[in-house]
Amino acid sequence: MLHSMSTTPETVRLRTAAEVNEEIRDLLMKSGGRLDHEQRRMYQRLVGEWAAATPRPKSRRRPARAS
């Protein structure tokens with residue numbers, strides 16, 4: 001039996017920091033602020049996703065000093 005593979009890449013929509021933050025808040029509210037082992041793993045995954053979705057400020061380059 002042959003299986004065909006799709007040649008088109010799947011589009012993955014990244015969630016915004018606000019969307020992930022909402023899920024973090026829901027998790028903490030539902031748990032009453034106390035996370036069991038599984039919830040803590042979920043929380044850590046969400047925090048990583050939130051950090052990746054948070055816009056980074058553009059670094060300001062200082063002008064070179066004259067020698």
Side-chain angles (χ1 to χ4, degrees):
M1 177 189 244
L2 294 174
H3 296 281
S4 64
M5 292 181 62
S6 174
T7 57
T8 57
E10 285 187 40
T11 303
V12 177
R13 185 181 88 73
L14 299 178
R15 298 189 297 172
T16 66
E19 291 171 321
V20 179
N21 190 38
E22 184 66 30
E23 188 172 345
I24 291 170
R25 288 174 184 262
D26 287 344
L27 176 64
L28 292 171
M29 291 293 285
K30 288 176 183 175
S31 70
R34 292 184 171 266
L35 303 175
D36 64 24
H37 182 70
E38 185 177 328
Q39 291 168 323
R40 184 166 300 281
R41 287 180 43 202
M42 173 66 82
Y43 173 79
Q44 290 171 343
R45 184 189 65 76
L46 289 169
V47 169
E49 185 181 348
W50 174 84
T54 301
R56 302 278 190 261
K58 293 183 180 181
S59 63
R60 294 183 185 169
R61 290 186 154 198
R62 290 184 176 180
R65 291 185 181 182
S67 303

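Small disclaimer: the values here were computed from a predicted structure and weren't measured.
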**Complete:** CG (Leu28) and CG (Leu35) are apart, to the nearest 0.5 Å, by 5.5 Å
**Heavy atoms from other residues, nucleotides or ligands near CZ of Arg41 exceed 12 (cutoff 6.0 Å)** = no
**Prompt:** Do Glu22 side-chain atoms and Glu19 backbone N/O form a donor-acceptor pair below 3.5 Å?
**Reply:** no
**Request:** Working to the nearest 0.5 Å, report the span between CZ of Arg40 and OG of Ser31.
**Result:** 9.5 Å
**Asked** Can you name the closest pair of heavy atoms from Ala17 and Ala53 and give their distance?
**Response** N-CB, 3.6 Å
**Request:** Can you measure from CD (Glu23) to CD (Glu49) and round to the nearest 0.5 angstrom?
**Result:** 7.0 Å
**Asked** How close do Leu27 and Gln39 get, heavy atom to heavy atom, and via which atoms?
**Response** CD2-O, 3.7 Å
